[in-house]
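See below for the structure under consideration.
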Amino acid sequence: MELYKTNQLKIYNSLSKSKEIFKPILEGHVGMYVCGPTVYSNVHLGNVRTFMSFDLVFRYLKHLGYKVRYVRNITDAGHLTDDGTEDKIATKARLEKIEPMEVVQRYSLDFHNILQKLNNIPPSIEPTATGHIIDQIEIIKTILNKGLAYVVNGSVYFDVLKYNETEHYGILSGRKIEDSIQNTRDLDGQSEKKNPQDFALWKKAEESHIMRWPSPWSDGFPGWHLECTAMSTKYLGKTFDIHGGGMDLKFPHHECEIAQSKACNNVNPVHYWMHANMLTLNGQKMSKSTGNYILPNEIFTGENKLMKKAFSPSALRFFMMQAHYRSILDFSNDALEASEKGFLKLMEAVNQLENITANKTSSIDINSWKQKCYEAMDDDFNSPVLIAQLFEAVKYINLLKLGDDTLNEEDLKDFKITIKTFVFDILGLQNETSDDNSSKISGVVALLITMRNEARANKNWALSDKIRDELLAIGIQLKDGKDGTTFIIN
RNA sequence: GGCGUCGUGGCCGAGUGGCUAGGCUGGGCUCUGCAAAAGCUCCUACAGCGGUUCGAAUCCGCUCGUCGCCUCCA
């Protein structure tokens, strides 16, 4: 039987601002849409956090037995620069004197490469904005027909004030339109809009603009907010279960998506809105535009002023999983270093699982422990609490090894499977110590351990310590226990 | 200025109206040739001020501060 039938998953819904019991539209199936990156530069660590958060969601939903269709777009057109006049991709292409599609290709590859290193499972569908221009044009036509958009000089704008007469623009972000009217700054280049709150569904392209597509209104390109509505509707339907994204997209991006869907399809598109919180650096939001950011590769190589050393992708992933996805997390070398130590301790314990043998009776209540692991994840994907439970398991493993605790065959099997499931399948961590050469290394180290033990038997401490210390220097740590000497590779 | 968020021990970071989060760091003990590891153990908490309550870090109010959004942003 699928786990979702017995587990009661609760999700914090940004729309209702409360935790709700998760009930999909179609039993056993989940439709999930997450706003992907705009591929005009390398993804930074802050971008990555959001995608890792939803990777955890994806993994857990699948573990619970749901059939999940996970759609995450690539924004390769339509995302305007600060002044609201030019497409970000086109700007980058102009600056680097290359084709826009070269920009898209380069940074899409970077994006996929980084996420793969961090062991993210690829989405079921990864559509691009430029591949769905036709769908976007159709939506614009419908919204125009309903009188909720207007055409000016070949551009089409959504009429927010008109929409707000019958609907609530601000339902997600908790804003009142009156406030935003009073507080909106006047921006250059937006004078053709009726009201500053109106947003572009279609932008007419200037003569010099390279990225352009024909439409009934002008040769131009689609607005940023529209692509997500077009693609989510196309692949998940007019209403679907989960829509995710970074907290900073709540307004205006997600608010606009709701407005577009309601205007076009007369329905609220999303049942559960999930927002991942920001990753900060030096207490400030990581952001490309301010220069306050770090790239994942700089962490893997250690090549950044902020880094004292290199960290593995799994150590980084573990660091992120130690914080709840809705909390702000501050990044620093020291915080990562502390996480790495914990991560290695966990991995070492997982490696020791195979050395544990079954007993006649069990002194640990494995079922109750396992239950706590599920309760943590069922409570809005609480990975930090899950990890606390996994450290409980580390303690158990060490005590089992010492023989101070025992497990019968059935419990031991369950224990092993549960740990591995949570560590590898759900948290998505990887055991980086085991590689192709590990068996050879094991053989060599075993030989050195034998030589060292001979030296120790002869009380030749100088030699035994030399073997131990020099192995440690190259990252192999010996540990003398009651049952002989074991080692770990750091 | 508006809206929202958060404020936990040396650091990171969970959580709940009364019962140990966890990790890292530091101290002690056991084990050990020494060390490491492991086990046991100890220390430093819930921004401030009021209120509700038998009891609040947990609920309410105010103050201060943080961060985010309000403009492209994961």
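So that the names make sense, note that chain A is the first sequence line, chain B the second, and so on, each numbered from 1.
- Backbone-only engagement by A/Ala323 is indicated by non-hydrogen atom pairs under 4.0 Å involving sugar-phosphate atoms exclusively.
- Taking the centre and axis of the six-membered ring of A/Phe300, the NZ or CZ atom of A/Lys117 falls outside the cone set by 45° and 6.0 Å.
- A 6.0 Å sphere centred on NZ of A/Lys250 holds more than 12 heavy atoms belonging to other residues, nucleotides or ligands.
- The aromatic ring of A/Phe391 does not stack onto the base of B/G23, failing the criterion of a centre distance under 5.5 Å from the six-membered base ring together with planes under 30° apart.
- In this structure, A/Leu329 reaches the sugar-phosphate backbone alone: every heavy-atom distance under 4.0 Å involves primed, P, OP1 or OP2 atoms, never a base.
- In a base pair of the Watson-Crick type (N1 to N3 plus N6-O4 or O6-N4) or a G-U wobble (N1-O2 and O6-N3), with each distance short of 3.5 Å, B/C40 is matched with B/G28.
- Side-chain atoms of A/Arg468 and base atoms of B/A35 include a donor and an acceptor less than 3.5 Å apart.
- In this structure, A/Phe54 has its ring center at least 6.0 angstrom away from the ring center of A/Tyr70.
- Classification of the A/Tyr169-A/Phe199 ring pair by plane angle, with boundaries at 30° and 60°, yields parallel.
- Here B/C3 sits opposite B/G68 as a Watson-Crick or G-U wobble pair (both hydrogen-bonding atom distances under 3.5 Å).
- Rounded to an integer number of Å, the gap from A/Asp380 CG to B/G15 C1' is 14 Å.
- Counting non-hydrogen atoms under 4.0 angstrom, A/Asp330 reaches the backbone sugars and phosphates but no base.
- Classified by interplanar angle (parallel below 30°, tilted 30° to 60°, perpendicular above 60°), the ring pair A/Phe111/A/Phe51 is perpendicular.
- Note on A/Gln284: only backbone sugar-phosphate atoms sit closer than 4.0 angstrom, heavy atoms only; bases stay farther off.
- Of all nucleotides listed (B/A74, B/A35, B/G22), B/A74 comes nearest to the side chain of A/Thr38.
- The residue A/Lys285 sits close to a base: some heavy atom pair falls under 4.0 Å.
- Of the candidate nucleotides B/G2, B/G33, B/C12, B/G33 has the atom nearest to the side chain of A/Asp465.
- The cationic group of A/Arg212 does not satisfy the cation-pi geometry with A/Phe221, failing either the under 6.0 Å distance to the six-membered ring centre or the 45° limit from the ring axis.
- Among the protein residues, A/Lys459 comes within range of no part of the nucleic acid, since none of its heavy atoms lies under 4.0 Å from any strand.
- With both pairing distances under 3.5 Å, B/A47 is matched to B/U63 as a Watson-Crick or G-U wobble pair.
- Listed nucleotides: B/A21, B/G23, B/C72. Nearest to the side chain of A/Ala338: B/G23.
- At the heavy-atom level, A/Asn398 lies under 4.0 Å from the strands shown only through sugar-phosphate atoms.
- At the heavy-atom level, A/Ser327 lies under 4.0 Å from the strands shown only through sugar-phosphate atoms.
- Taking the six-membered ring where the residue is Trp, A/His253 and A/His225 present tilted rings, their angle falling between 30° and 60°.
- Side-chain proximity of A/Leu402 to B/G39, B/C69, B/A21: nearest is B/G39.
- Taking 4.5 Å as the limit, every side-chain heavy atom of A/Phe58 sits out of range of all side-chain heavy atoms of A/Val34.
- No contact: A/Met247 has no heavy atom under 4.0 Å from any strand.
- Taking atom P in both B/U66 and B/C60, one finds a spacing of 23 Å when rounded to whole Å.
- Using a 4.0 Å heavy-atom cutoff across all strands shown, A/Lys250 reaches no nucleic acid atom at all.
- Near RNA chain B, defined here as any heavy-atom distance below 4.0 Å, the residues from residues 40-51 of chain A are A/His44, A/Gly46, A/Asn47, A/Thr50, listed numerically.
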